[in-house]
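Notes to accompany the following structure.
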Amino acid sequence: MCFEKLYGVDTSEAKEMYNSVYDVMKAMLKEYTVIFKGPNTQSSQSNPPSSTAARDTFASELAEDSNVEFERMDRSYKEMVNEIRVTDPKDELDIYLKAEVENPKTLPGMEWDVLSWWRLNSQKYPVLSEIARDVLAMQVSYVASESAFSTSGRLLEPSRSCLTHYMTQKSKPNPNRHFLRFLNPPPVKMSHLDDLPSTPGKYKTDKVPPYGILHHHRYLRLSKLTLWASLFLALFLFYLVLSPPPSPSRRNLNDSSSISAAKYGGSHWEKQVRKSARPRSHGGLTVLVTGASGFVGTHVSIALRRRGDGVLGLDNFNRYYDPKLKRARQGLLERSGVFVVEGDINDAVLLRKLFDVVLFTHVMHLAAQAGVRYAMQNPGSYVNSNIAGFVNLLEVSKSANPQPAIVWASSSSVYGLNSKVPFSEKDRTDQPASLYAATKKAGEGIAHTYNHIYGLSLTGLRFFTVYGPWGRPDMAYFFFTKDILKGKTITVFESPDKGSVARDFTYIDDIVKGCLGALDTAEKSTGSGGKKKGPAMFRIYNLGNTSPVPVTKLVTILEKLLKMKTKKKIMPLPRNGDVEFTHANITLAQAELGYKPAVDLETGLKKFVKWYMGFYTGSKKKSSW
Ligand SMILES: O=C(O)[C@H]1O[C@H](OP(=O)(O)OP(=O)(O)OC[C@H]2O[C@@H](n3ccc(=O)[nH]c3=O)[C@H](O)[C@@H]2O)[C@H](O)[C@@H](O)[C@@H]1O
């Protein structure tokens, strides 16, 4: 009914919304039925709290605390509920939905509240009323911020969630409650009760009308419509609070992570994990590569495997860009003997499981939300992957025994508005120009903390615009190629003084060498079992090419390689996080990692174009992979 009001009678939107809420309610009902009635298999062994027992406790609590005429109330409403007594909990929802809409206009002048109605109807709808009690009794402060869930200011108002002070007393956090078990929030004062006197006892319970009277009248005044809306609202909150950590505001990005749990476990899976992680050469490393089906992850994993190291991949296959490309990379990895676990770095259970099954000597952490400009569209995904995910990985790594040495991908973007060239590791990095850069910089700070407190060996690599075969479709060289081939106009940015924007484009093979150099020179972590035993290595290196190339030149090279002219639209560099130029000073990486970039942009793009034509157009000239 409320969806019909919102979307129109008989519209597909209304039906879709109704069905989705209905499905959620059914699922919750099922869950609660198991909790309050006990799963079939256990019912004879244990004594799970039945809905009747729960109801009785609830009723006796009421009788005890509030001087209500409980017996009288009990008699009257038992008479009422006997009219429709639901025997099978799974029918409760249908019966509730079919019930008459009650008239909200009767007995004006008395406030109603949802919880009272549900309490009153707890015999009629035993399981639904348990859900209502858990969900609707949630105090405002049980959610991080009520406003966070609201698109139009305050969400919980007296008319929407009218919890009397009596109810707030009754709805104290109870760790045994199903809902609160998930939440376990600190009990803070409800914001909409702020006008309650702060002196305890000023509100006397005897000022509350006797429960029996209230109770007797309230159900008559309750609008089914409002009830339904309240329940939906509460369900919405319930979902938000219980859903996996958010997430990229774009739902599809996390689709794969939310189903990851179903994709691991079992003896066959463990066998694959062990086999993949087992080094083939004597003294080989045992490396967990996160983001293994990403661009750099694929190349690094294959290079490690080829030289005899054990490699286990981890990737959530999100949809930031075409997952088919990631699956194709996974195919390559499998052919090289690298098994990729489908899962998210935010999944601590999975990570712990992986560390239980394999004693990783190293982690090559490449899973991240990449891309500078996309951060304005979906900031949450950067926080989720580059900060929360990284912390999760560090947490699990610091507790592992032995602790692995970790090498992870930072970015040239941390230099932000730094104008001193070439960029040296000693230069300031406190002026990020994008949220992406800020999360990468935060990652460096977080890594330092874990090094300092737990003795984790950590090496950060600041990559400079990495390109090459199997690259990322969101990067300029990649989509320029695609657009040039399609005869589309491409947009080339220029700096505010009409100068060229330039990048220190770095070929993938050079980056791979830098990654392997970092892994090979990383000292062991010093901690064990989450405790630091001594100072551990902490390093940051630039991995660039040391020869910035203007984007206009990149376009000219691509035109030459593709043998096509393109239409260019020159635009001022938008204020979306892009910086005017990057240029790496690689002295440190050269000295300590033996890093020596060897591929110039034209040579690298030639290899990329060859791969691109083979992969996307089926050209016979396929690359070596
Ligand atoms: O080195 C880095 O730190 C970063 O390199 C790239 O970021 P970016 O250098 O911005 O790479 P592209 O998005 O491929 O852009 C390359 C150049 O093309 C320019 N561009 C981009 C898009 C466009 O339509 N037109 C255009 O002229 C950009 O302004 C930039 O100068 C990656 O996307 C980041 O993930 C990485 O961390």
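Keep in mind that the numbers below use all heavy atoms, side chains included, and drop hydrogens, waters and symmetry copies. Remember, it's 1-based here, ligands and their atoms both numbered in the order they're listed. Remember, it's a predicted structure, so these values are computed and weren't measured experimentally.
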Open item on the list: So if I apply the side chain to side chain donor-acceptor pair (under 3.5 Å) rule between Y415 and each of D427, N542, T582, which one comes out positive?
Closed with: N542
- [ ] Starting from atom 7 (O) of ligand 1, locate the nearest protein heavy atom and write down its residue, its atom name and how far away it is, to 0.1 Å.
- [x] V372 CG2, 3.8 Å
TODO: Let me see the working for K441 and T429 under side-chain hydrogen bond (donor to acceptor under 3.5 Å, both in side chains), right down to the final yes or no.
DONE: CA-CA 7 Å; K441 181 60 198 162; T429 52; 2.9 Å; yes
Open item on the list: Looking only at distances, can you tell me whether any N or O atom of Y477, backbone or side chain, sits closer than 3.5 Å to an N or O atom of ligand 1?
Closed with: no
Open item on the list: Return the closest protein heavy atom for atom 29 (O) of ligand 1 as residue, atom name and distance.
Closed with: D578 OD2, 3.0 Å
Task: Interfacing atoms of ligand 1 (cut-off 4.0 Å, heavy-atom, G371) - done: 33 (O), 35 (O)
Open item on the list: I need the single residue from Y450, F390, W408 that forms a ring-ring contact (aromatic ring centres under 6.0 Å, His included) with H365. Which is it?
Closed with: F390
Task: Under-4.0 Å salt bridge between K353 and E270 - done: yes
Open item on the list: Against ligand 1, does R373 come closer than 4.0 Å with any heavy atom?
Closed with: yes
Task: Side chain, backbone, both or neither: M475 near ligand 1, heavy atoms under 4.0 Å - done: both
Task: Residue-ligand contact F478/ligand 1, heavy atom below 4.0 Å - done: no
- [ ] Report yes or no: does a heavy atom of R472 sit under 4.0 Å from some atom of ligand 1?
- [x] yes
- [ ] Would you check whether V579 has a nitrogen or oxygen atom less than 3.5 angstrom from a nitrogen or oxygen atom of ligand 1?
- [x] no
- [ ] Pick, from Y436, F480, Y467, the option with the minimum heavy-atom distance to atom 36 (C) of ligand 1.
- [x] Y436
Open item on the list: Taking side chain to side chain contact (heavy atoms under 4.5 Å, CB included) as the criterion, tell me which of V363, N451, T449 meets it with L458.
Closed with: N451
Task: Q403 side, atom CD; K398 side, atom NZ - distance, nearest 0.5 Å - done: 9.0 Å
Open item on the list: Heavy atom to atom 22 (C) of ligand 1, shortest distance: which of F505, F581, F493, F464 holds it?
Closed with: F493
Open item on the list: Could you tell me, atom by atom, which parts of ligand 1 come under 4.0 Å of a heavy atom of T491?
Closed with: 23 (C), 24 (O), 25 (N), 26 (C), 27 (O)
Open item on the list: Strictly below 4.0 Å, N to O, side chains only: are R327 and D315 in salt-bridge contact?
Closed with: no
Open item on the list: What protein heavy atom lies closest to atom 17 (C) of ligand 1? Include the residue and the distance to one decimal.
Closed with: V551 CG2, 3.7 Å
- [ ] Within a distance under 4.0 Å of any heavy atom of V492, pick out the atoms of ligand 1 and give their elements.
- [x] 27 (O)
- [ ] Give the atoms of ligand 1, by number and element, whose distance to some non-hydrogen atom of A370 is under 4.0 Å.
- [x] 35 (O)
- [ ] Could you tell me which atoms of ligand 1, counted from 1 in the order shown, lie closer than 4.0 angstrom to a heavy atom of T465?
- [x] 1 (O), 2 (C), 5 (O), 9 (O), 11 (O)
Task: Shortest protein contact, atom 31 (O) of ligand 1 (heavy atom only) - done: V501 CG1, 3.0 Å
Task: SB check E559 K568 (cutoff 4.0 Å) - done: yes
Task: Aromatic ring pairing W611/F615, orientation class (parallel under 30°, perpendicular over 60°, tilted between) - done: parallel
TODO: Answer yes or no for L573: is there a heavy-atom contact with ligand 1 below 4.0 Å?
DONE: yes
Task: Ring geometry between F423 and F464 (parallel below 30°, tilted from 30 to 60°, perpendicular above 60°) - done: tilted
- [ ] Give the ring-plane orientation class for H448 versus F538, where under 30° counts as parallel, over 60° as perpendicular and anything between as tilted.
- [x] perpendicular
- [ ] Run the salt-bridge test on E602 and K560 with the 4.0 Å N-O cut-off and return the result as yes or no.
- [x] yes
Task: T439/N386 under side-chain hydrogen bond (donor to acceptor under 3.5 Å, both in side chains): CA gap, chis, key distance, verdict - done: CA-CA 6 Å; T439 60; N386 304 353; 3.1 Å; yes
- [ ] Tell me which protein heavy atom sits closest to atom 2 (C) of ligand 1, plus the residue, atom name and distance to 0.1 Å.
- [x] S412 OG, 3.1 Å
- [ ] Go through ligand 1 atom by atom and flag the ones less than 4.0 Å from a non-hydrogen atom of F463.
- [x] 1 (O), 2 (C), 3 (O)
Task: Minimum-distance protein heavy atom relative to atom 8 (P) of ligand 1 - done: R503 NE, 3.7 Å
TODO: Can you pull out the closest protein heavy atom to atom 3 (O) of ligand 1? Residue, atom name and distance to 0.1 Å, please.
DONE: S411 OG, 2.6 Å
- [ ] Identify the protein heavy atom lying closest to atom 14 (O) of ligand 1, giving its residue, its atom name and the separation to 0.1 Å.
- [x] A476 N, 2.8 Å
TODO: Would you sort out whether T603 and D600 count as a side-chain hydrogen bond (donor to acceptor under 3.5 Å, both in side chains), showing the intermediate values?
DONE: CA-CA 6 Å; T603 312; D600 63 59; 2.9 Å; yes
